[in-house]
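Below, chain A is the first sequence line, B the second, and so on; all start at residue 1.
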2 protein chains.
Amino acid sequence: MVVEQPLVSISNLAEEFLITPRTIRYYEEMGLLTPVHHEKMSQRLYGARERARLKLILRGKRLGFSLSEIKEMINLYDIDRTEGLQLERAVAYGEKRLQELEEKIQEFTLLKAELLDYHQQFTELLKKCTEE
Amino acid sequence: MVVEQPLVSISNLAEEFLITPRTIRYYEEMGLLTPVHHEKMSQRLYGARERARLKLILRGKRLGFSLSEIKEMINLYDIDRTEGLQLERAVAYGEKRLQELEEKIQEFTLLKAELLDYHQQFTELLKKCTEE
DNA sequence: AAAGGGCTTGACGCTAACGTAAACTGGTGT
DNA sequence: ACACCAGTTTACGTTAGCGTCAAGCCCTTT
């Protein structure tokens, strides 16, 4: 018994994620999404898998990754794409990415600390100004 | 008594940061850098301040910020640019940026956790394969 | 003086990530 | 039958962030 999938159209998906259909088609063109084509190429339909992928893509974008970087990262999730001895490569690549993520997080933390520092200086300065 | 400043040329600075002179000029064009012009517009010379700024710019880039976002952020450091009542605005803006940074860090951490999860699954799978 | 090295200012080229418009198709209500 | 709407492909336009010449200036070395 197959579970009933809530398949939605491209504009519905676009609306849901606050982007345009064009963007979604572009992601497909770049090989990031692979929607179901309803009976002999009529419409694209998107299910849970594509929604999950799109979510990852948009998060990647917010974090400043390029589409090709994101593509490589989400392909790590595709078990069927990484069969056999490809597994070792996937694992090794995953480790590299994880380390890069760690570095980025540290840089973010650093930047935040600096901004916070200046922020506090400013706040004090402001307090003195208003107190007089 | 003025401190002797170690002013360097554009290509020296470029070499130091592993970028090209063109990139540095572009940042100036965008209002991110303001080097000293040696005696009646002959050459650009870069001191400690520009080096610090460039460092921030490049870090911002690595973290996926646009040049205009970076510009706004480093302008928070410029005391002289934010005089008088502008201080309140600067402080408020700084708080917004700090919160955004916090969110980004959390997203990064989330992404890392997911990748790590899949990574461990893969590693186990790989172990079982090689053990047979 | 001539040649070279490093700097300068244009100006055009290029890629990524879409925006946007045109023209076509396919189902649906009236 | 006709209009309409939502989807499709194709293709050209646009912006950011530089790369890559071209042509000229200044200073030093030969």
Next item on the list: Would you name the heavy atoms of A/Lys104 and A/Leu63 that are closest together and state the gap between them?
Entry: NZ-O, 4.2 Å
Note to self: How many whole angstroms separate atom NE2 of A/His37 from atom P of D/dA6?
What the structure shows: 19 Å
Next item on the list: Look at all strands and tell whether B/Arg25 reaches a base, only sugar-phosphate, or nothing, counting heavy atoms closer than 4.0 Å.
Entry: base
Checklist line | Interatomic distance, B/Gln43 CD vs D/dC26 C1' [rounded to whole Å] | finding: 9 Å
Checklist line | side-chain contact (heavy atoms from CB on, under 4.5 Å) partners of A/Arg51, counting only residues at least two apart | finding: A/Pro6, A/Val8, A/Leu13, A/Glu16, A/Phe17
Write out a two-atom table: protein N or O, nucleotide N or O from nucleotides 15-17 of chain D, distance below 3.5 Å.
{"residue": "D/dG17", "atom": "OP1", "partner": "B/Leu67", "partner atom": "N", "Å": "2.9"}

Check: When you check the gap from the basic side-chain N to the acidic O, do A/Arg44 and A/Glu28 get nearer than 4.0 Å?
Finding: yes
Next item on the list: Check salt bridge (Lys or Arg N to Asp or Glu O under 4.0 Å) between B/Arg25 and all other residues, then give those that pass, not counting sequence neighbours.
Entry: none
Check: Starting at CD of A/Glu69 and ending at C1' of C/dA17, how long is that distance when rounded to a whole Å?
Finding: 14 Å
Check: the helix from C/dA1-D/dT30 to C/dT30-D/dA1: angle between its terminal axes, five pairs each, to 10°?
Finding: 20°
Margin query: Quick check for you: to the nearest 0.5 Å, what is the distance between B/Leu33 atom CG and B/Arg49 atom CZ?
Written below: 9.0 Å
Item checked: Sequence-distant partners of A/Glu100, side-chain contact (heavy atoms from CB on, under 4.5 Å), two or more places apart -> A/Lys96, A/Arg97
Check: In chain order, what residues pass the side-chain contact (heavy atoms from CB on, under 4.5 Å) check against A/Ser68, with sequence neighbours excluded?
Finding: A/Ser66
Check: Do other residues, nucleotides or ligands put more than 12 heavy atoms under 6.0 Å from B/Glu69 CD?
Finding: yes
Note to self: Near DNA chain D, counting only heavy atoms under 4.0 Å, which residues of residues 11-20 of chain A show up?
What the structure shows: A/Ser11
Next item on the list: State whether B/Arg44 places a side-chain N or O below 4.0 Å from either non-bridging phosphate oxygen (OP1 or OP2) of C/dG6.
Entry: no
Checklist line | salt bridge (Lys or Arg N to Asp or Glu O under 4.0 Å) involving B/Lys112 - partner list, sequence neighbours excluded | finding: A/Glu102
Look for any protein N or O under 3.5 Å of an N or O in nucleotides 11-15 of chain C and output each such pair with its distance, or none.
{"residue": "C/dA11", "atom": "N6", "partner": "B/Arg22", "partner atom": "NH1", "Å": "3.2"}

Check: Rounded to the nearest Å, what distance is computed from the CD atom of residue A/Glu28 to the C1' atom of nucleotide D/dG7?
Finding: 13 Å
Note to self: Checking A/Glu95 now: which residues fulfil salt bridge (Lys or Arg N to Asp or Glu O under 4.0 Å) with it, not counting sequence neighbours?
What the structure shows: none
Next item on the list: Check the distance between D/dA11's C1' and A/Glu29's CD and give it to me in whole angstrom.
Entry: 11 Å
Checklist line | Shared hydrophobic cluster for B/Leu110 and A/Ile105 (ILVMFWY, side-chain gaps under 4.5 Å) | finding: no
Next item on the list: Determine the minimum heavy-atom distance between A/Met73 and B/Leu115, stating which atoms define it.
Entry: CE-CD1, 3.7 Å
Note to self: Just to verify, what does A/Glu29 make a salt bridge (Lys or Arg N to Asp or Glu O under 4.0 Å) with, not counting sequence neighbours?
What the structure shows: A/Arg22
Notebook entry, point to check: Between B/Ser42 and D/dC25, does any side-chain N or O lie under 4.0 Å from OP1 or OP2?
Noted result: no
Check: What pairs with B/Gln99 under side-chain contact (heavy atoms from CB on, under 4.5 Å), at least two apart in sequence or on another chain?
Finding: B/Glu103
Check: For A/Leu45 and D/dA6, what is the distance between atoms CG and P respectively, to the nearest whole Å?
Finding: 16 Å
